[in-house]
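Below, read A as the first sequence line, B as the second, and so on, with proteins coming before strands; counting in each chain starts at 1.
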Amino acid sequence: MLQIYNSLSGKKEQFIPIEPGKVKMYVCGMTVYDYCHIGHARVLVVFDVINRYLRKLYGDENVTYVRNITDIDDKIIARAIENGEDIGTLTQRFIEAMHEDADALGVMRPDIEPRATEHMDNIINMIQTLIDKGMAYQGDNGDVYYQVSKFKDYGKLSKKNLEDLQSGSRVEVEQAKRDPADFVLWKMAKPGEPFWESPWGQGRPGWHIECSAMSRHCLGEHFDIHGGGLDLKFPHHENEIAQSEGCSGHKFVNYWIHNGFVRVDDEKMSKSLGNFFIIRDVLKNYAPEVIRYFILNSHYRSPLNYSDENLDRAKASLSTLYQSLLDIEPIDVPLDENSDYAKRFFQAMGDDFNTPKAISVLFDMSHELNRLKNSDKAQAQELAAQIKHLAHILGLLENDPQAFLQSGAGEGGLSDDEINDLIAQRAQAKADKNWAESDRIRDVLVAADILLEDTPEGTRWRRK
RNA sequence: GGCUGGAUGGCAGAAUGGCUAUGCAGCGGAUUGCAAAUCCGUGGAUCUCGGUUCGACUCCGGGUCCAGCCUCCA
(Lines give C-alpha, C1' and ligand atoms only; values in the text may rest on other atoms or scores of the structure.)
Protein backbone atom coordinates (compact mmCIF):
# COMPACT_ATOMS: atom_id res chain seq x y z
CA MET A 1 0.00 0.00 0.00
CA LEU A 2 1.55 3.21 -1.15
CA GLN A 3 -0.08 6.61 -1.18
CA ILE A 4 1.60 9.38 -3.12
CA TYR A 5 0.71 13.05 -3.12
CA ASN A 6 0.23 13.79 -6.78
CA SER A 7 0.98 17.41 -7.69
CA LEU A 8 -1.26 17.02 -10.70
CA SER A 9 -4.40 16.39 -8.65
CA GLY A 10 -3.26 18.07 -5.47
CA LYS A 11 -4.25 15.00 -3.49
CA LYS A 12 -2.82 11.84 -2.04
CA GLU A 13 -3.62 8.96 -4.33
CA GLN A 14 -3.06 5.26 -4.14
CA PHE A 15 -0.09 4.34 -6.28
CA ILE A 16 -0.94 1.89 -9.04
CA PRO A 17 1.80 1.22 -11.59
CA ILE A 18 0.89 1.19 -15.26
CA GLU A 19 2.44 -2.21 -15.70
CA PRO A 20 1.64 -4.31 -12.63
CA GLY A 21 4.69 -4.89 -10.47
CA LYS A 22 6.93 -2.50 -12.37
CA VAL A 23 7.74 1.13 -11.69
CA LYS A 24 9.22 3.70 -14.00
CA MET A 25 10.43 6.98 -12.52
CA TYR A 26 12.10 9.99 -14.10
CA VAL A 27 13.65 12.81 -12.08
CA CYS A 28 15.07 16.04 -13.44
CA GLY A 29 18.72 16.14 -12.52
CA MET A 30 21.29 18.88 -12.62
CA THR A 31 22.47 21.38 -15.13
CA VAL A 32 26.19 20.83 -14.83
CA TYR A 33 28.03 24.13 -14.77
CA ASP A 34 28.82 24.43 -11.08
CA TYR A 35 29.03 22.47 -7.84
CA CYS A 36 25.85 21.09 -6.29
CA HIS A 37 24.43 22.93 -3.29
CA ILE A 38 22.22 21.75 -0.45
CA GLY A 39 19.10 22.36 -2.51
CA HIS A 40 20.42 19.84 -5.02
CA ALA A 41 21.31 17.53 -2.13
CA ARG A 42 17.67 17.53 -1.12
CA VAL A 43 16.49 16.35 -4.53
CA LEU A 44 19.20 13.73 -4.65
CA VAL A 45 18.44 12.38 -1.18
CA VAL A 46 14.65 12.62 -1.34
CA PHE A 47 14.38 10.74 -4.61
CA ASP A 48 17.08 8.34 -3.50
CA VAL A 49 14.87 7.34 -0.60
CA ILE A 50 11.83 7.11 -2.85
CA ASN A 51 13.87 4.94 -5.18
CA ARG A 52 15.06 2.76 -2.29
CA TYR A 53 11.56 2.36 -0.95
CA LEU A 54 10.10 1.49 -4.35
CA ARG A 55 12.83 -1.12 -4.76
CA LYS A 56 11.97 -2.54 -1.37
CA LEU A 57 8.33 -2.84 -2.40
CA TYR A 58 8.70 -3.94 -6.00
CA GLY A 59 12.16 -5.50 -6.13
CA ASP A 60 15.35 -4.06 -7.55
CA GLU A 61 14.86 -5.47 -11.00
CA ASN A 62 11.36 -4.03 -11.32
CA VAL A 63 12.17 -0.37 -10.77
CA THR A 64 13.71 1.81 -13.43
CA TYR A 65 15.01 5.09 -12.10
CA VAL A 66 16.15 7.67 -14.62
CA ARG A 67 17.81 10.93 -13.63
CA ASN A 68 19.02 13.07 -16.47
CA ILE A 69 21.93 15.43 -16.88
CA THR A 70 21.48 18.72 -18.71
CA ASP A 71 24.83 19.23 -20.38
CA ILE A 72 23.94 21.88 -22.94
CA ASP A 73 22.33 25.13 -21.92
CA ASP A 74 22.84 28.91 -21.97
CA LYS A 75 24.44 28.95 -18.56
CA ILE A 76 26.87 26.22 -19.48
CA ILE A 77 27.88 28.11 -22.62
CA ALA A 78 28.29 31.33 -20.66
CA ARG A 79 30.37 29.64 -17.97
CA ALA A 80 32.59 27.91 -20.52
CA ILE A 81 33.29 31.20 -22.26
CA GLU A 82 33.94 32.85 -18.90
CA ASN A 83 36.44 30.14 -18.01
CA GLY A 84 37.95 30.03 -21.48
CA GLU A 85 37.16 26.34 -21.34
CA ASP A 86 35.77 23.80 -23.73
CA ILE A 87 32.12 22.97 -22.96
CA GLY A 88 32.71 19.23 -22.87
CA THR A 89 35.57 19.67 -20.42
CA LEU A 90 33.46 21.88 -18.20
CA THR A 91 30.46 19.59 -18.09
CA GLN A 92 32.57 16.48 -17.61
CA ARG A 93 34.27 18.11 -14.64
CA PHE A 94 31.01 18.98 -12.95
CA ILE A 95 29.41 15.65 -13.74
CA GLU A 96 32.28 14.01 -11.90
CA ALA A 97 31.90 16.46 -9.03
CA MET A 98 28.18 15.73 -8.86
CA HIS A 99 28.85 12.00 -8.72
CA GLU A 100 31.37 12.52 -5.93
CA ASP A 101 28.88 14.53 -3.91
CA ALA A 102 26.02 12.10 -4.53
CA ASP A 103 28.21 9.11 -3.68
CA ALA A 104 29.38 10.81 -0.50
CA LEU A 105 25.76 11.32 0.54
CA GLY A 106 25.05 7.64 -0.01
CA VAL A 107 22.80 8.33 -3.00
CA MET A 108 22.40 5.23 -5.15
CA ARG A 109 23.18 5.76 -8.82
CA PRO A 110 20.10 5.89 -11.02
CA ASP A 111 19.62 3.01 -13.45
CA ILE A 112 19.98 5.35 -16.39
CA GLU A 113 21.59 8.78 -16.46
CA PRO A 114 20.95 10.20 -19.92
CA ARG A 115 22.72 13.32 -21.16
CA ALA A 116 20.98 15.81 -23.41
CA THR A 117 23.84 15.95 -25.90
CA GLU A 118 23.54 12.21 -26.46
CA HIS A 119 19.89 12.47 -27.45
CA MET A 120 19.96 15.08 -30.22
CA ASP A 121 18.26 12.78 -32.72
CA ASN A 122 15.42 12.07 -30.33
CA ILE A 123 15.05 15.74 -29.55
CA ILE A 124 15.00 16.76 -33.19
CA ASN A 125 12.50 14.02 -34.05
CA MET A 126 10.21 15.16 -31.33
CA ILE A 127 10.32 18.78 -32.44
CA GLN A 128 9.62 17.70 -36.00
CA THR A 129 6.59 15.75 -34.84
CA LEU A 130 5.28 18.80 -33.03
CA ILE A 131 5.76 20.94 -36.14
CA ASP A 132 4.05 18.31 -38.28
CA LYS A 133 1.13 18.29 -35.90
CA GLY A 134 0.87 22.06 -36.11
CA MET A 135 1.80 22.57 -32.49
CA ALA A 136 5.12 24.25 -33.14
CA TYR A 137 6.41 26.83 -35.59
CA GLN A 138 9.62 28.47 -36.68
CA GLY A 139 9.75 32.18 -35.90
CA ASP A 140 11.26 34.96 -37.99
CA ASN A 141 14.50 34.69 -36.04
CA GLY A 142 14.84 31.02 -36.92
CA ASP A 143 14.03 29.73 -33.46
CA VAL A 144 11.37 27.04 -33.19
CA TYR A 145 8.60 27.63 -30.65
CA TYR A 146 5.90 25.53 -29.08
CA GLN A 147 2.52 27.12 -29.65
CA VAL A 148 0.96 26.89 -26.24
CA SER A 149 -2.54 27.80 -27.42
CA LYS A 150 -2.64 24.54 -29.41
CA PHE A 151 -2.50 22.46 -26.25
CA LYS A 152 -5.83 22.65 -24.50
CA ASP A 153 -4.61 21.28 -21.17
CA TYR A 154 -1.82 23.82 -20.79
CA GLY A 155 -1.59 24.83 -17.14
CA LYS A 156 -3.11 21.69 -15.67
CA LEU A 157 -0.09 20.90 -13.50
CA SER A 158 0.70 24.37 -12.23
CA LYS A 159 -2.95 25.44 -12.11
CA LYS A 160 -2.33 28.44 -14.27
CA ASN A 161 -4.24 29.66 -17.26
CA LEU A 162 -2.99 31.53 -20.27
CA GLU A 163 -4.77 34.80 -19.46
CA ASP A 164 -3.18 34.96 -16.03
CA LEU A 165 0.20 34.19 -17.45
CA GLN A 166 -0.08 36.91 -20.03
CA SER A 167 -1.23 39.56 -17.63
CA GLY A 168 1.46 38.61 -15.15
CA SER A 169 4.25 38.44 -17.65
CA ARG A 170 7.35 40.06 -16.23
CA VAL A 171 9.75 39.72 -19.09
CA GLU A 172 9.91 41.53 -22.38
CA VAL A 173 8.32 39.42 -25.09
CA GLU A 174 10.51 37.98 -27.79
CA GLN A 175 9.25 39.45 -31.08
CA ALA A 176 9.35 36.16 -32.95
CA LYS A 177 6.83 34.54 -30.61
CA ARG A 178 3.19 34.47 -31.61
CA ASP A 179 2.21 34.44 -27.97
CA PRO A 180 4.22 35.48 -24.93
CA ALA A 181 3.65 32.09 -23.33
CA ASP A 182 5.14 30.19 -26.25
CA PHE A 183 8.48 28.66 -25.39
CA VAL A 184 11.53 27.72 -27.38
CA LEU A 185 12.14 24.20 -28.65
CA TRP A 186 15.13 24.89 -30.86
CA LYS A 187 17.41 27.87 -30.62
CA MET A 188 19.60 29.14 -33.44
CA ALA A 189 23.30 29.20 -32.64
CA LYS A 190 24.98 32.58 -32.48
CA PRO A 191 28.45 32.85 -34.00
CA GLY A 192 30.94 30.98 -31.86
CA GLU A 193 28.33 28.98 -30.00
CA PRO A 194 28.21 25.20 -30.14
CA PHE A 195 25.56 23.80 -32.48
CA TRP A 196 23.94 20.69 -33.86
CA GLU A 197 22.58 20.35 -37.39
CA SER A 198 18.79 20.31 -37.68
CA PRO A 199 16.09 20.81 -40.32
CA TRP A 200 15.74 24.38 -39.02
CA GLY A 201 19.40 25.25 -39.08
CA GLN A 202 22.37 24.97 -36.78
CA GLY A 203 21.38 25.35 -33.18
CA ARG A 204 20.66 23.69 -29.85
CA PRO A 205 17.58 22.43 -28.07
CA GLY A 206 15.53 24.33 -25.52
CA TRP A 207 15.72 22.98 -22.00
CA HIS A 208 12.21 21.60 -21.74
CA ILE A 209 12.29 19.44 -24.85
CA GLU A 210 15.41 17.66 -23.61
CA CYS A 211 13.53 16.05 -20.74
CA SER A 212 10.57 15.13 -22.90
CA ALA A 213 12.84 13.42 -25.39
CA MET A 214 15.05 11.67 -22.83
CA SER A 215 12.17 10.39 -20.73
CA ARG A 216 10.38 9.10 -23.81
CA HIS A 217 13.50 7.33 -24.99
CA CYS A 218 14.29 5.77 -21.61
CA LEU A 219 10.83 5.02 -20.25
CA GLY A 220 8.35 5.36 -23.11
CA GLU A 221 5.53 7.77 -23.85
CA HIS A 222 3.63 6.98 -20.68
CA PHE A 223 5.25 6.19 -17.35
CA ASP A 224 4.52 6.23 -13.64
CA ILE A 225 6.40 8.89 -11.73
CA HIS A 226 8.06 12.15 -12.66
CA GLY A 227 9.85 14.12 -9.98
CA GLY A 228 11.92 17.19 -9.35
CA GLY A 229 12.19 20.31 -7.27
CA LEU A 230 9.12 22.45 -6.75
CA ASP A 231 10.69 25.21 -8.83
CA LEU A 232 10.50 23.00 -11.90
CA LYS A 233 6.73 22.65 -11.73
CA PHE A 234 6.33 25.76 -13.81
CA PRO A 235 7.32 26.23 -16.50
CA HIS A 236 9.56 23.19 -16.95
CA HIS A 237 7.21 20.35 -16.09
CA GLU A 238 4.18 22.12 -17.48
CA ASN A 239 6.03 22.45 -20.77
CA GLU A 240 7.14 18.84 -20.69
CA ILE A 241 3.51 17.80 -20.44
CA ALA A 242 2.60 20.06 -23.34
CA GLN A 243 5.40 18.62 -25.48
CA SER A 244 5.04 14.98 -24.59
CA GLU A 245 1.25 14.84 -24.65
CA GLY A 246 1.12 17.08 -27.68
CA CYS A 247 3.41 14.63 -29.41
CA SER A 248 1.86 11.35 -28.30
CA GLY A 249 -1.74 12.44 -28.05
CA HIS A 250 -2.15 10.69 -24.71
CA LYS A 251 -1.21 10.93 -21.06
CA PHE A 252 2.46 11.42 -20.23
CA VAL A 253 2.91 10.81 -16.50
CA ASN A 254 0.57 9.44 -13.84
CA TYR A 255 2.16 10.81 -10.66
CA TRP A 256 4.07 14.07 -10.31
CA ILE A 257 6.20 14.43 -7.20
CA HIS A 258 7.77 17.74 -6.19
CA ASN A 259 10.05 18.26 -3.23
CA GLY A 260 10.03 21.51 -1.26
CA PHE A 261 12.81 24.07 -1.11
CA VAL A 262 15.75 24.41 1.16
CA ARG A 263 15.67 27.83 2.76
CA VAL A 264 18.19 30.05 4.42
CA ASP A 265 16.72 32.61 6.81
CA ASP A 266 13.26 31.92 5.42
CA GLU A 267 14.33 32.55 1.88
CA LYS A 268 14.71 30.02 -0.88
CA MET A 269 18.27 28.84 -1.32
CA SER A 270 19.23 29.61 -4.89
CA LYS A 271 22.00 30.57 -7.16
CA SER A 272 20.46 33.90 -8.00
CA LEU A 273 20.08 34.94 -4.37
CA GLY A 274 23.62 33.80 -3.68
CA ASN A 275 22.59 32.27 -0.36
CA PHE A 276 23.59 28.72 -1.21
CA PHE A 277 25.91 26.28 0.49
CA ILE A 278 27.89 23.83 -1.58
CA ILE A 279 27.59 20.18 -0.57
CA ARG A 280 31.33 19.63 -0.50
CA ASP A 281 31.84 22.59 1.81
CA VAL A 282 29.21 21.38 4.24
CA LEU A 283 30.82 17.95 4.18
CA LYS A 284 33.97 19.48 5.61
CA ASN A 285 32.13 20.06 8.88
CA TYR A 286 29.41 17.44 8.95
CA ALA A 287 29.31 13.73 8.23
CA PRO A 288 27.30 12.84 5.11
CA GLU A 289 24.68 11.01 7.13
CA VAL A 290 24.10 14.12 9.20
CA ILE A 291 23.04 15.90 6.02
CA ARG A 292 20.84 12.97 5.06
CA TYR A 293 19.26 12.92 8.50
CA PHE A 294 18.70 16.66 8.38
CA ILE A 295 16.93 16.32 5.04
CA LEU A 296 14.88 13.25 5.94
CA ASN A 297 13.81 14.53 9.34
CA SER A 298 11.27 16.74 7.66
CA HIS A 299 8.71 15.74 5.10
CA TYR A 300 9.91 16.07 1.52
CA ARG A 301 7.19 18.57 0.62
CA SER A 302 7.84 20.90 3.56
CA PRO A 303 10.27 23.74 3.43
CA LEU A 304 13.58 22.90 5.04
CA ASN A 305 15.54 25.57 6.88
CA TYR A 306 19.26 25.27 6.50
CA SER A 307 21.34 26.39 9.47
CA ASP A 308 24.28 25.20 11.53
CA GLU A 309 21.96 24.86 14.51
CA ASN A 310 19.74 22.48 12.62
CA LEU A 311 22.67 20.45 11.38
CA ASP A 312 24.08 20.29 14.91
CA ARG A 313 20.73 19.06 16.13
CA ALA A 314 20.65 16.47 13.37
CA LYS A 315 24.07 15.29 14.44
CA ALA A 316 23.02 15.01 18.09
CA SER A 317 19.92 13.02 17.13
CA LEU A 318 21.80 10.68 14.84
CA SER A 319 24.42 10.20 17.54
CA THR A 320 21.73 9.00 19.90
CA LEU A 321 20.79 6.29 17.42
CA TYR A 322 24.40 5.29 16.88
CA GLN A 323 25.04 5.29 20.61
CA SER A 324 22.50 2.53 21.07
CA LEU A 325 24.22 0.41 18.43
CA LEU A 326 27.56 0.68 20.20
CA ASP A 327 29.01 -2.55 21.59
CA ILE A 328 26.40 -4.72 20.01
CA GLU A 329 27.10 -6.94 17.03
CA PRO A 330 23.98 -7.20 14.86
CA ILE A 331 23.34 -10.80 13.86
CA ASP A 332 22.86 -11.78 10.27
CA VAL A 333 19.10 -12.10 9.96
CA PRO A 334 16.76 -10.77 7.29
CA LEU A 335 14.29 -7.98 7.93
CA ASP A 336 11.27 -9.15 9.87
CA GLU A 337 8.49 -7.40 8.01
CA ASN A 338 5.86 -8.59 10.46
CA SER A 339 7.27 -6.93 13.53
CA ASP A 340 5.28 -4.02 14.94
CA TYR A 341 8.21 -1.74 14.30
CA ALA A 342 8.52 -2.73 10.66
CA LYS A 343 4.78 -2.38 10.18
CA ARG A 344 4.82 1.11 11.63
CA PHE A 345 7.85 1.99 9.58
CA PHE A 346 6.28 0.77 6.35
CA GLN A 347 3.01 2.42 7.19
CA ALA A 348 4.80 5.74 7.58
CA MET A 349 6.76 5.31 4.38
CA GLY A 350 3.67 4.15 2.54
CA ASP A 351 1.90 7.35 3.50
CA ASP A 352 3.53 9.63 0.97
CA PHE A 353 7.05 8.79 2.14
CA ASN A 354 6.69 10.12 5.66
CA THR A 355 10.35 9.86 6.61
CA PRO A 356 10.11 11.87 9.87
CA LYS A 357 7.56 9.42 11.17
CA ALA A 358 9.65 6.51 9.98
CA ILE A 359 12.63 7.95 11.85
CA SER A 360 10.58 8.18 15.03
CA VAL A 361 10.10 4.41 14.81
CA LEU A 362 13.87 4.05 14.70
CA PHE A 363 14.11 5.96 17.98
CA ASP A 364 11.54 3.72 19.63
CA MET A 365 13.61 0.72 18.55
CA SER A 366 16.76 2.37 19.74
CA HIS A 367 15.35 2.88 23.23
CA GLU A 368 14.28 -0.71 23.45
CA LEU A 369 17.72 -1.77 22.29
CA ASN A 370 19.31 0.20 25.11
CA ARG A 371 17.14 -1.64 27.61
CA LEU A 372 17.80 -5.00 26.02
CA LYS A 373 21.55 -4.51 26.01
CA ASN A 374 21.62 -5.07 29.76
CA SER A 375 19.05 -7.81 29.94
CA ASP A 376 19.06 -9.98 26.84
CA LYS A 377 22.11 -9.83 24.61
CA ALA A 378 20.74 -12.18 21.97
CA GLN A 379 17.52 -10.24 21.56
CA ALA A 380 19.50 -7.03 21.48
CA GLN A 381 21.58 -8.32 18.59
CA GLU A 382 18.45 -9.32 16.75
CA LEU A 383 16.89 -5.90 17.32
CA ALA A 384 20.07 -4.13 16.26
CA ALA A 385 19.91 -6.01 12.99
CA GLN A 386 16.29 -4.95 12.49
CA ILE A 387 17.11 -1.31 13.15
CA LYS A 388 19.86 -1.42 10.58
CA HIS A 389 17.60 -3.05 8.01
CA LEU A 390 14.97 -0.34 8.35
CA ALA A 391 17.47 2.50 8.56
CA HIS A 392 19.06 1.19 5.38
CA ILE A 393 15.89 2.06 3.48
CA LEU A 394 16.59 5.65 4.47
CA GLY A 395 20.30 5.27 3.83
CA LEU A 396 21.02 5.90 7.52
CA LEU A 397 23.06 4.05 10.16
CA GLU A 398 25.32 2.64 7.47
CA ASN A 399 28.51 3.39 9.37
CA ASP A 400 30.29 1.65 12.19
CA PRO A 401 28.87 3.28 15.34
CA GLN A 402 32.22 4.12 16.86
CA ALA A 403 33.59 5.42 13.58
CA PHE A 404 30.59 7.68 13.22
CA LEU A 405 30.72 8.96 16.78
CA GLN A 406 34.41 9.73 16.49
CA SER A 407 34.14 11.33 13.08
CA GLY A 408 34.36 15.03 12.36
CA ALA A 409 37.93 15.94 13.20
CA GLY A 410 38.01 19.51 12.01
CA GLU A 411 41.08 21.47 11.10
CA GLY A 412 42.99 22.53 14.18
CA GLY A 413 41.23 19.94 16.33
CA LEU A 414 42.90 17.21 18.32
CA SER A 415 44.01 14.12 16.44
CA ASP A 416 42.93 10.66 17.52
CA ASP A 417 46.44 10.00 18.81
CA GLU A 418 46.48 13.15 20.88
CA ILE A 419 43.11 12.24 22.31
CA ASN A 420 44.17 8.71 23.20
CA ASP A 421 47.30 10.10 24.76
CA LEU A 422 45.33 12.43 27.03
CA ILE A 423 42.94 9.65 27.92
CA ALA A 424 45.89 7.48 28.96
CA GLN A 425 47.20 10.27 31.18
CA ARG A 426 43.77 10.65 32.69
CA ALA A 427 43.52 6.92 33.30
CA GLN A 428 46.72 7.12 35.33
CA ALA A 429 45.38 10.08 37.32
CA LYS A 430 42.19 8.14 37.93
CA ALA A 431 44.13 5.11 39.10
CA ASP A 432 45.95 7.41 41.51
CA LYS A 433 42.61 8.80 42.58
CA ASN A 434 43.93 12.20 41.55
CA TRP A 435 40.46 13.49 40.64
CA ALA A 436 41.59 17.09 40.20
CA GLU A 437 44.07 16.06 37.51
CA SER A 438 41.71 13.64 35.81
CA ASP A 439 38.98 16.29 35.70
CA ARG A 440 41.43 18.85 34.38
CA ILE A 441 42.33 16.58 31.47
CA ARG A 442 38.68 15.93 30.79
CA ASP A 443 38.03 19.68 30.70
CA VAL A 444 40.82 20.10 28.19
CA LEU A 445 39.16 17.49 25.97
CA VAL A 446 35.70 18.94 26.40
CA ALA A 447 37.06 22.33 25.38
CA ALA A 448 38.18 20.61 22.17
CA ASP A 449 34.68 19.15 21.70
CA ILE A 450 35.77 15.69 22.78
CA LEU A 451 33.29 13.99 25.11
CA LEU A 452 34.33 11.17 27.40
CA GLU A 453 32.39 8.26 28.79
CA ASP A 454 33.85 6.04 31.46
CA THR A 455 32.60 2.49 31.11
CA PRO A 456 33.48 -0.71 32.93
CA GLU A 457 35.62 -1.58 29.91
CA GLY A 458 37.51 1.69 29.99
CA THR A 459 37.08 5.21 28.74
CA ARG A 460 35.37 5.87 25.46
CA TRP A 461 35.38 9.12 23.54
CA ARG A 462 33.43 10.78 20.75
CA ARG A 463 33.40 14.06 18.94
CA LYS A 464 30.63 16.47 19.73
C1' G B 1 -2.18 41.87 -9.82
C1' G B 2 -3.10 36.23 -10.70
C1' C B 3 -2.10 31.41 -8.76
C1' U B 4 -0.11 27.65 -5.09
C1' G B 5 1.22 26.11 -0.33
C1' G B 6 1.96 26.97 4.85
C1' A B 7 1.13 28.88 10.27
C1' U B 8 1.88 23.01 16.11
C1' G B 9 5.60 23.26 22.78
C1' G B 10 12.33 26.99 23.94
C1' C B 11 13.91 24.89 19.00
C1' A B 12 13.29 21.10 15.00
C1' G B 13 9.29 18.33 13.31
C1' A B 14 4.96 14.43 12.60
C1' A B 15 -0.05 13.10 13.37
C1' U B 16 -5.18 13.46 14.46
C1' G B 17 -12.75 15.11 14.84
C1' G B 18 -12.36 12.76 21.49
C1' C B 19 -6.75 8.50 22.89
C1' U B 20 1.87 9.56 24.48
C1' A B 21 4.49 11.61 18.14
C1' U B 22 9.65 11.67 17.88
C1' G B 23 14.30 14.33 18.48
C1' C B 24 17.38 18.36 20.64
C1' A B 25 17.32 21.40 24.95
C1' G B 26 15.06 21.70 30.43
C1' C B 27 13.68 19.61 35.21
C1' G B 28 13.53 15.32 39.09
C1' G B 29 15.36 10.35 40.24
C1' A B 30 18.60 5.86 39.43
C1' U B 31 23.67 5.10 38.02
C1' U B 32 28.87 7.52 38.39
C1' G B 33 34.70 9.50 42.48
C1' C B 34 32.43 13.64 39.73
C1' A B 35 30.76 13.51 34.81
C1' A B 36 29.15 11.34 30.23
C1' A B 37 26.13 7.60 28.15
C1' U B 38 21.82 4.89 29.56
C1' C B 39 17.29 3.89 32.21
C1' C B 40 12.77 5.67 35.00
C1' G B 41 9.75 9.93 35.55
C1' U B 42 8.24 15.08 34.28
C1' G B 43 6.73 20.29 32.61
C1' G B 44 5.56 22.68 28.02
C1' A B 45 2.00 23.75 21.77
C1' U B 46 -1.79 23.61 17.92
C1' C B 47 -1.76 32.27 14.32
C1' U B 48 -6.69 35.00 14.88
C1' C B 49 -12.17 35.61 14.64
C1' G B 50 -16.65 33.21 13.63
C1' G B 51 -19.46 28.58 12.19
C1' U B 52 -20.64 23.07 12.03
C1' U B 53 -20.38 19.28 16.13
C1' C B 54 -21.90 16.08 22.21
C1' G B 55 -16.68 17.31 21.20
C1' A B 56 -11.93 20.65 16.52
C1' C B 57 -5.63 21.65 16.65
C1' U B 58 -8.06 18.56 12.93
C1' C B 59 -14.00 20.18 8.87
C1' C B 60 -16.20 25.14 6.76
C1' G B 61 -15.90 30.66 6.15
C1' G B 62 -13.43 35.65 7.05
C1' G B 63 -8.80 37.88 8.68
C1' U B 64 -3.45 38.37 9.76
C1' C B 65 1.35 36.82 8.73
C1' C B 66 5.04 33.84 5.91
C1' A B 67 7.03 31.31 1.72
C1' G B 68 6.90 30.03 -3.44
C1' C B 69 5.49 30.39 -8.73
C1' C B 70 3.97 33.79 -12.84
C1' U B 71 12.03 34.81 -15.85
C1' C B 72 16.89 30.81 -15.12
C1' C B 73 16.57 27.61 -10.85
C1' A B 74 16.45 21.17 -7.43
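- Residue-level contact check: A/Leu451 touches neither bases nor backbone, having no heavy atom under 4.0 Å from any strand.
- Separating the C1' atom of B/A25 from that of B/U48 is a span of 29 Å, rounded to the nearest Å.
- Distances shown here put every side-chain N or O of A/Thr355 at or beyond 4.0 Å from the OP1 or OP2 atom of B/A14.
- Here A/Phe294 and A/Tyr286 keep their ring centres 6.0 angstrom or further from each other.
- Atom-to-atom, NZ of A/Lys75 to P of B/C72 comes out at 9 Å; the value is rounded to the nearest Å.
- At the heavy-atom level, A/Thr320 lies under 4.0 Å from the strands shown only through sugar-phosphate atoms.
- For the residue pair A/Ala348 and A/Lys357, the shortest heavy atom distance occurs at CB-CB, 3.8 Å.
- Taking atom P on both B/C3 and B/G61, the two are 15 Å apart, rounded to the nearest angstrom.
- Pairing partner, B/C72: none, since no Watson-Crick or wobble contact has both distances short of 3.5 Å.
- Between B/C72 and A/Ser270, no contact under 4.0 Å exists linking OP1 or OP2 to a side-chain N or O.
- Donor-acceptor pairing under 3.5 Å, judged by distance alone, is absent between the side chain of A/Asp312 and the base of B/C11.
- Aromatic rings from A/His37 and A/Phe277 are positioned such that their centres are separated by 6.0 Å or more.
- Put simply, CZ on A/Arg301 is 19 Å from P on B/G68, counting in whole angstrom units.
- Checked against a 6.0 Å centroid threshold, the rings of A/Phe94 and A/Tyr33 do not count as neighbours.
- For the OP1/OP2 pair of B/C11 and a distance below 4.0 Å, the side-chain nitrogens and oxygens of A/Arg313 include no atom meeting the criterion.
- For B/G68, the base is not stacked against the aromatic ring of A/Phe261, per a cut-off of 5.5 Å between centres and 30° between planes.
- Going from the C1' atom of B/G44 to that of B/G28 covers 15 Å, rounded to whole Å.
- Contact annotation: side chain of A/Lys271 to base of B/C72, donor-acceptor pair absent below 3.5 Å.
- Base engagement by A/Asn259 is indicated by at least one non-hydrogen atom pair under 4.0 Å involving a base atom.
- When heavy atoms are screened at a 4.0 angstrom cut-off, A/Gly39 is found touching base atoms of the nucleic acid.
- Between the side chain of A/Arg442 and the base of B/A35, at least one donor-acceptor pair of N or O atoms lies under 3.5 Å.
- Contact between the side-chain N/O atoms of A/Asn297 and the OP1/OP2 oxygens of B/U22 is not found at any separation under 4.0 Å.
- Contact annotation: side chain of A/Asp439 to base of B/G33, donor-acceptor pair present below 3.5 Å.
- For the P atoms, the distance linking B/C60 with B/G5 amounts to 12 Å, nearest Å.
- For the C1' atom pair drawn from B/U4 and B/U42, the interatomic distance equals 42 Å after rounding to whole Å.
- Taking the six-membered ring where the residue is Trp, A/His208 and A/Phe183 present perpendicular rings, their angle passing 60° and hence far from 30°.
- The side chain of A/Lys268 contributes an N or O atom lying less than 4.0 Å from OP1 or OP2 of B/C69.
- A close approach under 4.0 Å does not occur between any side-chain nitrogen or oxygen of A/Arg263 and OP1 or OP2 of B/C66.
- Backbone-only engagement by A/Arg371 is indicated by non-hydrogen atom pairs under 4.0 Å involving sugar-phosphate atoms exclusively.
- Remark: A/Asp443 CG is packed, more than 12 non-hydrogen atoms of other residues, nucleotides or ligands lying under 6.0 Å away.
- Using a 4.0 Å heavy-atom cutoff across all strands shown, A/His258 reaches no nucleic acid atom at all.
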